[in-house]
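These notes concern the structure reproduced below.
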Amino acid sequence: MARGNVAEYNPQEIEKKWQRRWEEARVFETEADPAKPKYYVLEMLPYPSGTLHMGHMRNYTIGDVVARVKRMRGFNVMHPMGWDAFGLPAENAAIKNNTHPRTWTNNNIAEFQRVLRRFGFSYDWRREISTCEPEYYRWNQWFFLRMLERGLAYRKKSRVNWCPKCATVLANEQVVNGYCWRHEDTLVETREIEQWFLKTTAYAEQLLDDLKLLEGGWPERVITMQRNWIGKSQGARVKFAVADVMGAEPVEVFTTRIDTIYGATAVILAPTHPLVAKLLEGSAQRGEADAKLGRMRQASVKAEDLATAEKEGFFTGRHAANPFNGEKIPIWVGNFVLMEYGTGAVMCVPAHDQRDFEFCRKYGLPVRVVVQPLQGEQFAGETMAAAFDDHGDGKLVNSGPYNGLSPDEAIAKMAAVAKEKGFGRGETIFRLKDWGISRQRYWGTPIPVVYCAKDSMVPVADKDLPVVLPPNPKLTGMGESPLAETPEFVNTTCPKCGGPARRETDTMDTFVDSSWYFYRYCDPHNDKAPYDSAKVGYWFPIDQYIGGITHAILHLLYSRFWCKVMRDLGLITHSEPAARLFTQGMVQKGGVAMSKSRGNVVGALDMAEKYGADTGRLYTLFAAPPEKDLEWSEESIEGSWRFLNRVFRLVDRHAAALREVKSAGIDTAAATEKEKVLLRKAHQTLRRVTQDFETRWHFNSAIALIMEFYNEIQAQEPLEESVRPEVRKEALELLTLMLGPMTPHLAEELWEMLGHSEGLWTTSWPAFDSDLARDEEVEIVIQVNGRVRARVKVAAGLSEAELVPKALAEPAVAQHINGKRVVKQIVVPDKLVNLVVA
RNA sequence: GCCCGGGUGGCGGAAUGGCAGACGCUGAGGACUUAAAAUCCUCCGGGGAUUUUUCCUCAUGUGGGUUCGACUCCCACCCCGGGCACCA
């Protein structure tokens with residue numbers, strides 16, 4: 001599209017041209033090679049649904065810049081891409097459009113692939129995986145069987161979270177404030193069903209401890225979120241005998257503050273505690289209690305209600321005996337005690353727990369202080385608010401033989417006594433629960449077990465894997481698993497006795513798929529094992545993992561769990577899959593994240609058609625630092641587009657004359673002033689851009705520096721006057737190379753225009769020359785009492801003794817000193833002189 | 001309530017104890033053009049003085065502090081965003 005003899009920047013043409021060349025030259029294909037240093041950079045794999053928008057593109061662009069920089073720096077870079085292809089939306093779309101989930105999914109994958117290719121991301125597409133393919137999900141099944149053998153997969157009847165809209169079970173992690181994570185307006189209900197679980201709790205301690213390995217490499221807040229989620233709590237179980245029901249089991253409570261047990265004035269059970277019914281039998285309180293119980297059990301589970309709900313409860317009419325002193329205290333039922341946490345029962349110590357305090361206040365139960373601060377005002381009991389919740393400095397009072405001990409001493413001693421006398425023991429509990437993986441859905445990995453009347457539950461043999469999904473399911477989207485409605489799938493023979501048997505009809509949570517997919521990239525077509533351990537040994541751990549903060553808990557916790565299981569199976573030797581994690585900010589429009597449902601997406605293809613991929617890439621890198629949210633601005637994109645046009649025109653203007661020129665071996669001794677300025681700016685820019693790429697990842701300021709460099713070249717035009725061709729070429733080449741990782745298509749084109757027949761991809765990242773980057777002259781800021789009063793240009797490297805007289809000689813400085821005495825002088829070489837006068 | 005982030009011009013942002021506002025967007029004025037687009041040039045935080053040149057001063061959420069010097073470090077508070085939450 002030349003106008004006259006001036007070429008124009010045409011991204012559509014350029015981008016396709018270089019994408020084709022890269023593919024032909026197989027530039028991004030990579031193999032394990034122990035002779036070379038490796039770098040594994042990975043962006044979280046997408047769920048192929050809807051359209052790819054600029055929010056996605058930002059994520060992939062960040063990864064691509066890193067991949068390209070590392071390649072230029074000599075690393076053997078693996079940068080793969082794949083599809084998280086199982087999941088409910090495919091099934092829902094299939095029901096709606098009367099098609100097959102596979103059709104819908106594969107169409108989306110094809111579309112996603114097209115868009116990612118259009119943006120020129122440097123993926124090794126030979127490693128592409130799709131989790132809905134039997135060649136992938138058979139290994140989900142294989143891992144499941146290994147876990148089953150080790151007791152890490154088990155089945156139990158349990159209350160599960162049930163979303164009435166999804167008509168399926170949700171993991172705890174998929175319940176957000178009591179609502180379904182997919183349906184923000186739908187309250188989650190609970191049901192009792194036989195479910196499969198993976199024993200994540202068996203690794204709770206390791207998942208917590210190994211967070212230490214991630215410090216420095218993972219964002220602190222992700223580590224904190226995981227730590228909170230695992231929720232380790234050290235305490236003790238203590239049994240309180242029921243005093244007035246013959247033969248009743250004791251009530252077991254969990255407490256982190258056994259030292260306050262002499263202050264217990266009640267025992268409180270959760271409304272759903274199994275002992276409640278027994279205690280109420282024949283109790284005088286029975287009638288009133290039943291009504292209250294019913295109300296409590298169906299109380300709202302909404303988080304905002306829970307937090308503000310008033311404490312409620314009732315006396316059971318029964319009493320428990322404090323095992324330490326035999327004191328009889330009433331047994332209550334309270335709405336704030338959770339059956340799911342600890343033992344479902346607490347000892348109520350109103351003086352030292354806010355909730356207990358509120359409860360006792362309401363129902364007139366006594367408050368008894370048992371820990372007093374060492375100094376300051378003593379706690380008064382009835383009139384105080386609950387205090388001293390953490391074990392600070394203090395000593396026990398009203399606690400029999402333990403009086404005078406510090407809380408920590410008392411905790412140790414009392415737990416020991418409880419153990420010795422058999423009514424309690426120290427225990428550590430976790431908030432983390434086992435991972436419920438059963439889904440009553442079609443579009444997922446079938447769980448590879450069968451049920452036989454004779455042999456009960458029998459695992460499918462490895463040789464019979466994969467258990468493949470039936471091709472033509474009846475999909476209704478409601479209730480039971482669609483697989484249960486498919487006789488040809490359900491009916492099978494028992495692997496043990498050969499008799500008739502039924503297959504398990506649940507499929508696995510899709511988080512199973514994404515828990516280990518990055519291992520499969522190392523060896524994507526292996527049909528003997530999930531992967532070759534030697535290949536994984538070369539590539540792992542992932543050097544840089546990049547994704548949204550939304551996965552800070554679920555995906556990353558499950559992946560870490562899976563890694564540890566695989567390690568214990570002897571498949572790998574490391575304990576954590578990703579050495580470094582980067583969580584990029586969201587792309588927003590109108591203040592909210594881009595999403596199809598909100599209708600505020602900027603489509604990636606639209607962007608590519610209007611401005612080209614390079615402009616889109618540049619803009620998402622330039623508009624904000626990568627970890628921050630970015631507000632999309634249609635106007636600002638123009639700036640990135642204009643900049644690339646300017647660069648194109650600049651190189652175009654000079655390229656013809658420079659094609660045959662070599663930039664190497666510039667005689668810098670003979671440099672003119674203009675040349676010095678150019679070379680200095682070039683190498684200063686290179687130094688700082690290199691730093692930005694390597695350490696800070698502040699691509700926005702790196703781009704600003706490159707723009708400044710361009711502006712300097714422009715300011716020195718016409719370059720033909722007193723700038724030798726080799727210097728001109730050096731400047732333009734460095735400009736091109738620095739843009740390379742961010743706008744790779746344009747950079748390749750410019751590189752070619754500058755006379756290179758080999759692609760830019762064959763070139764190493766340039767080394768900056770510190771001699772050329774050195775300033776000969778620097779501007780020194782002169783302050784008087786910390787206020788800038790003058791600036792002087794001086795030769796670089798002057799000493800304090802040389803600088804101070806120059807500072808004093810400035811008229812503005814002399815004026816501000818105004819005859820006063822200089823009491824102190826601070827000199828920062830090449831930067832600043834501060835004269836302190838009194 | 002607890003735990004993280006964050007608060008800088010009209011806007012996105014820069015400045016890792018040393019010139020606050022780089023770079024870009026928007027806006028204004030000008031050049032080119034029959035005209036428009038594109039392109040190029042100039043200006044662009046507030047107040048004041050000086051008038052056509054510079055100087056002074058205020059200003060990085062608020063108030064204190066440390067320091068020769070603070071957007072940056074410390075303390076307290078306000079606001080915004082996110083995570084967790086009757087977790088015993």
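Throughout, protein chains are lettered first and strands after them, A, B, ... in sequence-line order, and every chain is numbered starting at 1. Heavy atoms only: backbone and side chains are in, while hydrogens, waters and symmetry mates are out.
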Measure from the side-chain heavy atoms of [X] and tell me the nearest of [options].
{"X": "Arg646(A)", "options": "G24(B), A88(B), G83(B)", "value": "G24(B)"}
{"X": "Asn834(A)", "options": "G69(B), C25(B), A22(B)", "value": "G69(B)"}
{"X": "Glu635(A)", "options": "A22(B), G24(B), U26(B)", "value": "U26(B)"}

Euclidean distance for [atom1], [N] against [M] (whole angstrom):
{"N": "G64(B)", "M": "C58(B)", "atom1": "P", "value": "15 Å"}
{"N": "U60(B)", "M": "A15(B)", "atom1": "C1'", "value": "11 Å"}
{"N": "U26(B)", "M": "A38(B)", "atom1": "P", "value": "10 Å"}
{"N": "A14(B)", "M": "G24(B)", "atom1": "P", "value": "15 Å"}
{"N": "U16(B)", "M": "C71(B)", "atom1": "P", "value": "13 Å"}
{"N": "U39(B)", "M": "C32(B)", "atom1": "C1'", "value": "9 Å"}
{"N": "G46(B)", "M": "G10(B)", "atom1": "C1'", "value": "14 Å"}
{"N": "C3(B)", "M": "U62(B)", "atom1": "C1'", "value": "24 Å"}

[Y] and [X] side chains, donor-acceptor separation under 3.5 Å:
{"X": "Arg789(A)", "Y": "Gln815(A)", "result": "no"}
{"X": "Glu717(A)", "Y": "His654(A)", "result": "yes"}
{"X": "Gln684(A)", "Y": "Asp775(A)", "result": "yes"}

Nearest-angstrom distance from the residue atom [atom1] of [X] to [atom2] of [N]:
{"X": "Lys311(A)", "N": "G1(B)", "atom1": "NZ", "atom2": "C1'", "answer": "12 Å"}
{"X": "Met586(A)", "N": "G6(B)", "atom1": "CE", "atom2": "P", "answer": "16 Å"}
{"X": "Trp641(A)", "N": "A37(B)", "atom1": "CH2", "atom2": "P", "answer": "18 Å"}
{"X": "Leu557(A)", "N": "G83(B)", "atom1": "CG", "atom2": "C1'", "answer": "15 Å"}
{"X": "Asn228(A)", "N": "C3(B)", "atom1": "CG", "atom2": "P", "answer": "11 Å"}
{"X": "Leu650(A)", "N": "C40(B)", "atom1": "CG", "atom2": "C1'", "answer": "14 Å"}
{"X": "Tyr341(A)", "N": "C86(B)", "atom1": "OH", "atom2": "C1'", "answer": "12 Å"}
{"X": "Arg221(A)", "N": "G5(B)", "atom1": "CZ", "atom2": "P", "answer": "9 Å"}

Hey, are the side chains of [X] and [Y] touching, using non-hydrogen atoms and a 4.5 Å cut-off?
{"X": "Gln584(A)", "Y": "Ile546(A)", "answer": "yes"}
{"X": "Arg257(A)", "Y": "Val349(A)", "answer": "no"}
{"X": "Thr260(A)", "Y": "Met347(A)", "answer": "yes"}

| task | Please work out whether the ring planes of Tyr363(A) and Phe359(A) are parallel, tilted or perpendicular, with thresholds of 30° and 60°. | result | tilted
| task | Quick one: sort the Phe423(A) and Phe324(A) rings into parallel, tilted or perpendicular, breaks at 30° and 60°. | result | perpendicular
Select base, sugar-phosphate, or nothing to describe what [X] touches, counting heavy atoms under 4.0 Å on all strands.
{"X": "Glu638(A)", "result": "nothing"}
{"X": "Thr255(A)", "result": "sugar-phosphate"}
{"X": "Val349(A)", "result": "nothing"}
{"X": "Arg431(A)", "result": "base"}
{"X": "Glu779(A)", "result": "base"}
{"X": "Val836(A)", "result": "sugar-phosphate"}
{"X": "Asn711(A)", "result": "sugar-phosphate"}

| task | Assess whether atom NZ of Lys362(A) is packed by more than 12 heavy atoms of other residues, nucleotides or ligands within 6.0 Å. | result | yes
| task | Please indicate whether Glu638(A) has more than 12 foreign heavy atoms, meaning atoms of other residues, nucleotides or ligands, lying under 6.0 Å from its CD. | result | yes
Between [X] and [N], does any side-chain N or O lie under 4.0 Å from OP1 or OP2?
{"X": "Arg227(A)", "N": "C3(B)", "value": "no"}
{"X": "Arg642(A)", "N": "C25(B)", "value": "yes"}
{"X": "Lys831(A)", "N": "G18(B)", "value": "no"}

| note | Whether each nucleotide of nucleotides 11-17 of chain B has a protein heavy atom under 4.0 Å at its base (B), only at its sugar-phosphate (S) or at neither (-) is summarised, 5' to 3', as -BSSSB-
| message | One character per nucleotide, please: for nucleotides 45-56 of chain B, 5' to 3', B when the base has a protein heavy atom closer than 4.0 Å, S when only the sugar-phosphate does, - otherwise. | response | -----------S
Assigned partner base of [N], Watson-Crick or wobble definition, under 3.5 Å:
{"N": "C23(B)", "result": "G12(B)"}
{"N": "C84(B)", "result": "G1(B)"}
{"N": "U34(B)", "result": "none"}
{"N": "U52(B)", "result": "none"}

| task | Go through the N and O atoms of the side chain of Gln783(A) and the base of G18(B), and report whether any donor-acceptor pair is under 3.5 Å. | result | yes
| Trp332(A)-Phe314(A) aromatic ring centre distance below 6.0 Å | no
| task | Run the ring-centre check on Tyr619(A) versus Trp632(A) and record whether the distance is less than 6.0 Å. | result | yes
| Under the ring-ring contact (aromatic ring centres under 6.0 Å, His included) test, residues paired with Phe643(A) that sit two or more places apart | Tyr710(A)
| Where does G9(B) land, syn or anti, once you apply the within-90°-of-0 test for syn? | syn
| field | Toward the 5' end of RNA chain B, by each residue's nearest nucleotide, Leu832(A) or Ile637(A) | value | Leu832(A)
| note | Comparing nearest nucleotides in RNA chain B, the 5'-proximal residue of the pair Val337(A), Val781(A) is Val781(A)
